[in-house]
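As the structure is a prediction and not an experimental result, all values here were calculated from the model. Values below: every heavy atom of this structure, side chains too, minus hydrogens, waters and symmetry copies. Order of listing sets the numbers, starting from 1, for every ligand and every atom in it. Along the sequence shown, the residues carry numbers beginning at 1.
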Amino acid sequence: MNNFYNKTADEALKAINVTSGGLSSDQVNKRREVHGYNELIEGRKKTAFQVFFEQFKDFLVIILIAAALISAFLGKFESTVVILVVVIVNSILGTVQHLKAEQSLNSLKALSSPNAKVLRNGEKIEIPSRELIIGDIMYLDAGDYISADARIIESHSLQVNESSLTGESEGVNKITEVIKEENVAIGDRKNMVFSGSFVTYGRGIVLVTDIGMNTEVGKIANLLETAKERKTPLQIGLDSFGKKLAIIILAISAVIFGLNIFRGEPIIDAFMFAVSLAVAAIPEALSSIVTVVLALGTQKMAKENAIVRKLHAVESLGSISIICSDKTGTLTQNKMTVQKVFVDGKIIDHDELDHNTEIEKQLVLMSLLCNDAVTIENREIGDPTEIALVNLGEIYGLDELKIRKEYGRLQELPFDSDRKLMSTMHKISGKNLMITKGALDVLLDRSVKVENSKGIASLTEEIKEKIQHTNIEFSKNGLRVLAFAFKEIDENRKLELEDEKDLTFVGLIAMIDPPRVESTEAVENCIKAGIKPIMITGDHKITASAIAKQIGILKNQSEAMEGYELDSITDEELKNKVENISVYARVSPEHKIRIVRAWQEKGNVVAMTGDGVNDAPALKQADIGIAMGITGTEVAKDAASMVLTDDNFSTIVKAISHGRSIYENIRNSIKFLLSGNTAGILSVLYASIWALPVPFAPVHLLFINLVTDSLPAIAIGLEPHNPNIMQEKPRGADSPILDKAFNLEVVFEGLLIALVTMIAFHMGLKTADTITASTMAFSTLCLARLLHGFNCRSKESILRVGVFSNKYLWFAVILGYFLLILVLNFRPIMGIFEVTTLNFNQYSIVYGLSFMPLLLVQVYKLIFVKYTKEV
Ligand code: ATP
C-alpha cells in the first residue's frame, strides 16, 4: 500500500519520517536537494536573443529588410548598411523595452505569489509556497490556497474546493480516517488535499506528501504554457487603430511612389522612398510603448502599497466612479480595544469588571475560550476582534493559553461572515458546553434564556428589549458589539450548525475600532475626484453609520441599508435605489455582487474590496477587484486585480490617481509619436504636390522614426505624477483615447512642425543646393520633433509643471540631439546620410525654426489653458 490515503495519519507521519515538531532546517535542506522546489515547470522562458529576433517578425521590419536586400542587389551597399543598422538599433531598443517590462511584471508576480503556514523546528512560520517540501506539516484555514498534495492529520469542519482538479464546484468535506479501498479516484480521497484547490470552510493540519510536478495537478499539467499577459483594452484599441492607419499610409506611399516614377525618378529610389515614408508614418511602436509605460507605472504603484495583478487594471483605474469598500481594517484601523461590557443587566467599563462576581468572570472566560487569537511575547496573532478579547483577559490576569488548556476545546464551528457566528465546545464542570459568540441580531434570535447573577431565566421580551437597546447605544458610539451565549449539549456527538439555537444569552462585549486617520482625507479626495465611496460591512448598521459619518461617507441616515432589506428588493429595485445608498450593513458576501452589478448597469466602473474566501465572486464581478494584502485570504488575492499591501482605503485613492496619470502619460506619448509622424507625412506630401525635390533621404525618416523619436516617447510616458489629476471627473468607461480634441491637436501640431520644416527646406533651396536644403529640412524635422516632446508632457505649459521635472525627457532629447550632431558632422556617417556641412547662418535657421513649435505651443498653453492650482 503505497498510497497515503490508505495509511493512517500516524503511519503517514512515520513513512515520511516527521516528528510532531515538524521538519528541522537540516532535514529541509537535505530534502530540497532530493526533491527540489515546489513548482510546476513552466514552458521555457524566452531568452533575450529570442526576443531580439522576434522583433524581426514585424511587418514593417520585413519590408525594410526586403528594401535592404533590393538595395544590395542593385549595388547600393550604403543604403543596405544604413537600413540594417537602423533596423538593428530599433530591435535592440525594442528588446530592452520588452525585457524591462517583463522584469517589472515578474517582480510584481513575485510580490503576490502565495504563502503557506508550516511547522518547522517546532515553530509555526509562514513561507512562500514554493519552499514547501515533502514532510512539512502545513496549517490550512478558510481562504488558503493549497499548493502541495497532503494527507490530512487534523480536520475541523475542513471543506475544500477541488474544482480545478475534479470539475466539482461544491466544497468537499475532508476527514482524517484511513480509506481502505485502493485505486480510489481523486475526488473520493477525502483524507487528502491536493495542490490547486482551496479551503472554503473550517481549518485543518496536513502532512505534505508530494510537491511540484509529482502532485496530481503536476501530473496532468505536463509543461505549463508560460502564462501570457493578455493585451489590455487600450492596446487592443491601439492595435486596431494602428492597422487602419497603416492601410491608409501604405496607400499614400503607393501614390507618392507613382508620382515619383511619373517624374522620372529611378524605380529603386522611388521604392526606397515609399518604403521609408511608410515606416516613418506608421506608428508601430504604439502598443509596445503602452506595455512599457504600464509596466513601469505598476512598479511605482507597488512602492506605494498597491500591487497590480492584472495589467488592464491600471487603465481601468482612471475610469473608476464607485469604490465599494469594507469597513473593518480598510476604513478603520482594525486595532480593536474593548470599551464596555454588558452583563447581568448592567453596563460596565472594560476595566471595572469585578472578578469576584461569578457571571462577570464567566463572560471573560467564555470570550477567551471561543477564540483563536493568541498573544505570545507581545506578538498578537489572529483576528483583531479576538485579540481585543485576549487583551481584556490580560487586564484580569487571565492567560488565554492556560485557560484553553484547562478547558480543552472538543469541537468547533468556525466563524464565517455569512453566518456571523462562531461556536466551540468544551468540557466544563463535567458538562459539554457549547459557547457561541457573534453578531447580536443573529444570536439573540437564537436565544431562549438569559443568565444573570441569580441564575438562568427565560428571555422575556422586556429583557430582549433592554439588550437590544444597550446594543444600539453601544453602536451609536461606533462600537463593534459581540454577543455571547452558551448551551449544554448532552450527548457526545458531532456539533452541527443546527446546534446554534435555543441558546442562553450571557452578555455583550463592545470594542472600539477607530477610523484610520487618513480615511477622512481620502474620502474627501474621492468625492472631489467625482468618485463615490461606499461602505459595505458585515457590522451592525448603527456602528457602520457612526463610523461612516465620522469619515464623511454618510451624510444622511437614510443612506444606510441592511442586508435583509437587500434581500427583500429585486435587482431592478436595487438599481433604482442604489444611487442613494452609501452604507450597506450586515451584508453577506453575496450581497456584494448585487451591489456591484446594480452600479455597473448604471454605467459605472466599480472597484470593490474584499478579503474572505466568499468575497472572490464579487471581486471577479467588479471592474477592479481589490484584495487586502495583510488580512486577505489567498483566494481573495487570486481573484483580485489589485492587492493592497497595507489594507488601507487611502491607498486605493492613491492608486486611482496613479492610474489616471499613467493613462494621461500614455495619451501624451501617443500624441508625441502621431504628431511627429504627421509632420513627416505632410512635409513629403507638400513637396510631392508642389513638385519640389524630395526633401528627405529615406534614411532620414528611418533615423527619426526608429531612433531619435522612441526614447522621448517613453520618457513622456514616465512623466511625474500630476497632482491635479484628482480634481477632474473620472474618464468615461468607453470614451476613446483618441478623441476629437486629441486628433485635432495631433494634426495641428503636426502641421506646425511640417510648416517649419518646409520653411527650412525652402530657405535652403533658395540660398544653396538641394543637398543643403535637404540637410536643413532633416535637421529641423528631427530637432523640432525632439523639442516637441516638451509640448507633449502635459496639458499645461512646462513653466507651470516644472521645466526640469521630467529628467528622462531631458536625457532623451539631449541624446537625440547628440546623435543628430554626430550625423551632421561625422564624416563617415555624413556620406551615408546624404547630408552636407551647414554654415553658421544655416544652423541658426535650423535652430530658430526648430524652437518655433515649442515656443508657439507653450505660449498658447500659458494663455489659453486653465491653470489648475496644485492641491
Ligand atoms: P467588514 O465587512 O467591513 O470587514 P466586519 O469585519 O464587521 O466588517 P465580518 O467579519 O463579516 O465583517 O463580521 C460580521 C459580524 O460578525 C461582526 O459585526 C461581528 O458581530 C461578528 N464577528 C466578527 N468576527 C467574529 C468572530 N471572530 N467571532 C464571532 N463573531 C464575529
Side-chain angles (χ1 to χ4, degrees), residues 141-143 203 323-336 338 366-374 381-390 412-424 434-446 471 474-475 478-485 500 503 508-513 515-516 519 533-548 551 553 560 562-563 583-592 595 608-615 618-619 626-628 630-633 636 644 647-649:
D141 291 294
R203 62 184 182 93
I323 309 177
C324 297
S325 171
D326 281 339
K327 170 179 73 72
T328 312
T330 315
L331 289 161
T332 66
Q333 298 179 9
N334 216 5
K335 285 202 187 94
M336 315 247 186
V338 174
M366 283 168 74
S367 78
L368 292 178
L369 288 174
C370 183
N371 187 326
D372 291 320
V374 282
I381 304 167
D383 173 9
T385 308
E386 298 191 338
I387 290 169
L389 302 174
V390 170
E412 67 190 58
L413 296 169
F415 171 73
D416 89 87
S417 45
D418 275 316
R419 198 168 103 253
K420 301 182 173 55
L421 293 178
M422 160 176 180
S423 299
T424 52
M434 179 182 81
I435 304 174
T436 303
K437 81 171 191 301
L440 175 76
D441 17 348
V442 185
L443 191 134
L444 204 58
D445 281 347
R446 296 163 183 243
N471 181 37
F474 285 162
S475 305
L479 298 182
R480 176 180 172 87
V481 188
L482 279 185
F484 290 82
E500 288 173 334
L503 307 171
L508 302 175
I509 298 184
M511 49 195 80
I512 192 163
D513 177 20
R516 288 177 182 268
S519 290
I534 291 173
M535 178 191 279
I536 303 190
T537 175
D539 215 340
H540 195 280
K541 180 168 158 180
I542 301 176
T543 312
S545 304
I547 304 276
I551 55 180
I553 287 187
E562 274 194 83
V583 172
Y584 294 88
R586 282 284 186 252
V587 292
S588 306
E590 47 298 6
H591 290 133
K592 289 185 167 184
I595 300 168
M608 162 73 80
T609 68
D611 48 14
V613 53
N614 302 345
D615 288 335
L619 291 176
I626 303 172
M628 299 299 129
I630 305 173
T631 53
T633 55
L644 306 180
D647 289 12
N648 193 337
F649 178 79

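- Within the 4.0 Å heavy-atom cutoff, M535 does not count among the residues contacting ligand 1.
- Nearest residue to atom 17 (C) of ligand 1 from M422, R480, R419, M628 is R480 (criterion: closest heavy atom).
- Expressed to the nearest 0.5 Å, how far CD1 of I595 lies from CD1 of I534 amounts to 8.0 Å.
- Scanning the protein heavy atoms around atom 13 (O) of ligand 1, the nearest turns out to be F415 CZ, 3.8 Å.
- Among protein heavy atoms, atom 28 (N) of ligand 1 sits closest to K437 NZ, 3.0 Å.
- Considering backbone and side-chain atoms together, D611 places no N or O closer than 3.5 Å to any N or O of ligand 1.
- N334 and D513 share no donor-acceptor pair across their side chains, judged by distance under 3.5 Å alone.
- Remark: ligand 1 and H540 share no N or O pair separated by less than 3.5 Å (distance only, no angle test).
- Protein heavy atom nearest atom 14 (C) of ligand 1, with residue, atom name and distance: G538 O, 3.4 Å.
- Considering all non-hydrogen atoms of both residues, S423 and T436 come closest at OG-OG1, 2.9 Å.
- At least one heavy atom of V481 lies less than 4.0 angstrom from ligand 1.
- Under 4.0 Å is where a charged nitrogen must lie from a carboxylate oxygen, and between D441 and K541 no such pair does.
- No N or O atom of T385 sits closer than 3.5 Å to an N or O atom of ligand 1.
- Counting heavy atoms only, S417 comes closest to atom 9 (P) of ligand 1 of the residues S417, S588, G438, S423.
- At a 3.5 angstrom cut-off on N or O pairs, L421 does not count as close to ligand 1.
- Of all the heavy atoms in D539 and A585, the pair that sits closest is O-CB, 3.5 Å.
- Ranking protein heavy atoms by distance to atom 20 (O) of ligand 1, first place goes to A439 CA, 3.3 Å.
- Within the 4.0 Å heavy-atom criterion, the part of D383 lying near ligand 1 is the side chain and not the backbone.
- The CD atom of E386 sits 3.5 Å away from atom NZ of K437, with the distance rounded to the nearest 0.5 Å.
- Protein heavy atom in closest approach to atom 3 (O) of ligand 1: K327 N, 2.7 Å.
- For atom 4 (O) of ligand 1, the nearest non-hydrogen atom of the protein is T328 CB, 3.5 Å.
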